[in-house]
Amino acid sequence: MSLSSFSYWQALSVPDALKILHNEQQQVKLLAGGTDFTVQRKEGLWQDKHILDIWKTKELDYIRESGKSIQLGARTTMDELIDSAVIRKYAKPLHLAACVFASPQIRNRATLGGNINNASPAGDTLPALFVLNAKLKLSSAKKDRLVPIHEFFLGPRKTLLQPNEMLTEIIIDKLDPKYQSDFYKLGERNAVAIAIVNLAVCRKIDPRSHKVTDIRISYGSVAPTVIRAPQTEQLLLHQTLTESLINKAAERAQSEVSPISDVRASADYRKEMSASLLKFLLKNNRS
Amino acid sequence: MTKEIQPSQTPITLRFRLNGKPVETLIKPGDFLLEVIRTHFGLTAAKHGCDIGLCGACTMIINGKSVKTCIYAAEKAQNAEVWTLEGLSDKDFLDPLQDAWLRHGASQCGYSTPGMIMAAKALLLKNPNPSREEVIQSLSGNLCRCTGYQQIVDAVLEAARIMREGIQKVPIKEELSSVVLGKSSFSKDTLDKVTGHCKFTDDHPWEGALWAQVARSPQAHAWIENIDISEARKLPGVVAVYTHEDIPGSKLYGKAIRDQSVLAFRKVRHIGEPVALIVAQTRETACQAAQLVKVDYTPLPAVFDCEEALKPDSPVIHDEPEAFQDFVHEQWMNPRKSGGFPLNVLYYFPIRKGNLEEGFNQSDLIVERTYRTPWIEHACMEYEAAIAIPDTEDGIRVSAPTQNVFLDRREIADVLGIPKEKVRVIQLPMGAAYGKREDMFGQLQVSLAAWLLKKPVKMVYTREETFAWTTKRYPMTMKYKTGVTKEGKILAFEATLLVEKGAYASWGPSGLRKSTVHAAGPYEIPHVKIDGYSIYTNNVPAGPMRGFGATEVGFAHEAHMDNIARELGMDPVEFRKKNLIPAGGKTVTGQILNVACTPEDTLNAALKKLQELPPLPEPDKPFIKRGRGLATMMYGIGYGHGIPDIGSAVCELLPDGSLLVKTSAVDYGQGLLTAFSQIAAETTGVPLSHVQIITGDTQETPDSGSSVATRQTYVSGNAVRIAAAKLQEAILGHAAKLAELPVGELRLSDGKITHGKKILFTLKELAKKAASEGIFLKKQGRFKAKTTPLDTASGQGDAYWPYAFGTQIVELDLDTQTGKVTLQRIIAAHNVGKALNPNNVLGQIYGGIVQGIGMALMEEFQFDEGKPISLNFDSYKIPRTTQVPPIEAVVMEIPEATGPYGAVGIGEPSTVPTAPAITNALAQATGLEFNSVPVTPDTILKTIS
């Protein structure tokens, strides 16, 4: 069970970490809480990589609020997201996703940056970040760049992060109180389960016209990456959410997902649930 | 900010505080903290349970937070504050959590206890006043397969309350009374489990032991043309590589039928079959060498389905003559010898009663259905492990988790070709069994290697190996046909049972017989025809699991009863009441049930409880449907079928006045050590804390058979009672002689011999006197259960005694949008005769029910063309705290005349009715039928749409 020999660096600051990345390039894999990485390594992945542990880069452990956005350090843990009043108030889907993330022992360690970099289509926080229009700050020794989250993922476990870069910050929209937002994990909630379907929704409805002025829908576990459902969103935008429209939207959403069958659920079930959950979240205002 | 860079392939000095003390050790990059704490510091409370962060058995508290240390890089603990369970107590005091664990019976096998207590500790550090829901949520990362969680949650809540009162330490108390029956006492082994000092097989260092690993077949069915071990042998660090040619004794083993090879020869019959045995200095080398064993196979067509295996053109799995020459039990006939059966039939058992045709002719309604249960993994939290150590005097000592040390001894001795007396098998504390450990997984291989090398050899499986290569509950297909009158009286019952055995027999014959005898359930039916077939396929061998054939047919007969009631338009309870066997009624084997507690008594008790409880609030959403289902059961305790079913125990008064009890019956978490200690204390008058007990040692303890079939409380409990009663008589006789008083006037209780109000001797004084006079106060007890062989043509006879009965009621909510089931409440009424230890009885009920929940809603072990694909707790789900509803147990104490103090067992019965009660509740909620398990959200939605 023990791993083949490799080098282990511990970085105490971001510049240190970036310097190592700059020098070593291809050979380095970042480690923070390690809850995904160590398991993957036991399964035989990353055997040829050196480890750069950024857990102690405390400067990446923050939740800051400014104007219309929230900045999150990549090293912020799920527990810290759950406990944050700012996240609860302005980014409810992210709060809810963190609450049903794996198990208590894992939530102590698992970081937001890690969940993003792991690039699993089932990553619980990702649909929430998609509807919060997250932008990812990718830093290298030479420069920083900002990438919208929906451009970041290239496929399962594939991202456009370069070998000399690390994710340092996540910037999300603050949802003003006029938004209704929700997150639903289908699977055994709070039971260490990988989601069968994840769904995050946020919407804003004009109080006078009752028309939808903004709507964002994002699914996890139903495609090679987490996705937004743009056609479904288009269908709902500027409309009144009637029962028949919601049913139509649910049908449209089914055509936007492309799930597979695995040991957890069949593709058919995932497809059907993509529709059912959307209906449920649109009809039941849980906020 | 300063920079700290540790380049290294070289060891790192790790400095941290462990249980409050500064420590340091050298680690390699890539070590995990769990292994460092276990091997560098010998603190073995935290366990390996999955090694990928799913089960929580490795939980420690690091810097105030609970952490799964199996996936925690050791380097990360630099300068950290680390606490393990061992740090919570000392020799005199316990943490309130540990004390609450003892008083609530929250530990059974004890394997996941340390992780569970540490997770609870972390919760209470953060939140001293948690709600029940918060406790359940915070323990959702910790798996336990024994307890059913209810007593754990109760214990945490009570500990929290005590700690809020300012109590941080609780003194360890000893039970100084001998009047302990009916009390929830605990014996020393339970104390060890909550303090982290209970040592399971892999918790011992086993200094100097070599590692064994087997090379396994990638083929499901193939001729072995050649085995080349030369490359494997050349790998540095490899000590030896063995094949079947190196086996000095029998190449075949099998506790019921010798059809399985220790190391394959001629042919392999399932993927994963051991082909060669590697012994090396380290596990890594052994695993690497296993990959270098080259075997030339000629693949044969393989069969993975029972019904396919019965077809005339199916590949024949056991074609060889030698496999069936040696039958352990003569009466377990090989059907092939009598002819007329498809060649893949391992065993056949029929039951015939009355005149079936007549029964159907008189019936107004005939209901036919097919029911299915899947492969289910026991999911014992402890990995398979075995150690063999050559003794100086030409013998060998073997330890491994096992349910019967004497049968292990017989198999090991025969494989080594040495007399049984030269083999000593000692059972160590065991991370549960549930039937799995009736079979053997590493014992034979480590014994072979240790014997040939004259060196200690050990083997420890990984979670993946444990899931892939060990026996599972066998899948069954059950075709039922029942004829009833329109008034609801069952007249005729016909069933065909197909049991898939996988590639080898395991305990196939006895399991099949249990299935056939229980197929009709606790109902009296005049005309019966049941045919049971146990069938070989090329899947991994299946074996016994909790309920052993009665659980599978229990699902079928109870789902069937509801299906018939629905067709009759009759209430399922009323329909059952018309057919349940009354006192003095007959089973399908013609056995007259002269029972004090009838199945209907348990049905009524469950219904009464339902009426007493406040009704559940109605579901508040239109898409949630509420369902209520009921199931009842019977279970024949013991080996049955005329197989000698004997319990044996020795009780001895030691010179220090303590009582030593010896019996081979092993405890794997079901609480036998406590039950035997309580029976011995109560019967002799020795205080419970002065009772010592030795179990599971072929040299030290008398053979009391297997810890299976819910038999040990009854059979060995009786043997202990008999030995203890004889010993008390001898003690009092000796005291009477010394005191020159009539023996009838003396009493022995709480460790004192009294005459009227006068204390004549303490036991210590008397024991000392007896020892100085050379008098041994030692008695043996033996008990034989009542059973007769059944007629091989008609299956008629007195199959088992006693029978246990029970009824469960399930209330649940079905989300019709997602197919998700939320259990709301389970009521369980079981007769246990006498609750010798109420906490342990409740623990068996809760734990059995939660395994039934898994069977109903989530568990199915999957194979792909014979290849196991459910390899860890991510793809094979077992219930977690969050999936278990409140359970209301009704413990009935209608004594069984032949039981020790009236007691009968409860280990298996509690599992039997849960799954059908759940599916019956779903059927009631939807008006549809659910005739296979598990019913996952996916299958439910398909059924209702």
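Summarising the local packing, NZ of Lys29(A) is surrounded by more than 12 heavy atoms from other residues, nucleotides or ligands at distances under 6.0 Å. When the shell of 6.0 Å around CD of Glu251(A) is examined, it contains 12 or fewer heavy atoms from other residues, nucleotides or ligands.
Between the OG atom of Ser66(B) and the CZ atom of Arg109(A) there is a distance of 10.5 Å, given to the nearest 0.5 Å. Note that OH of Tyr8(A) is 7.0 Å distant from CD1 of Ile12(B), once rounded to the nearest 0.5 Å.
Heavy-atom pairs under 4.5 Å with chain B peak, among Ser266(A), Gly34(A), Ala275(A), Ser276(A), at Ser266(A).
Thr818(B) touches chain A through backbone and side chain together, each having a heavy atom under 4.5 Å away. For Leu277(A), the part lying near chain B is the side chain, with the backbone staying farther off; criterion is any non-hydrogen pair under 4.5 Å. With a threshold of 4.5 angstrom between heavy atoms, Phe873(B) does not approach chain A through any atom at all.
Counting all heavy atoms, side chain and backbone alike, Glu272(A) lies closest to Leu941(B) at OE2-CD1, 3.7 Å.
Of the residues Ile71(B), Asp874(B), Leu54(B), the one that meets the side chain to side chain contact (heavy atoms under 4.5 Å, CB included) test with Val39(A) is Ile71(B).
Counting heavy atoms from C-beta on, the side chains of Cys70(B) and Lys42(A) come closer than 4.5 Å.
With Lys56(A) contributing its side chain and Lys76(B) its backbone, the two residues share no donor-acceptor pair below 3.5 Å.
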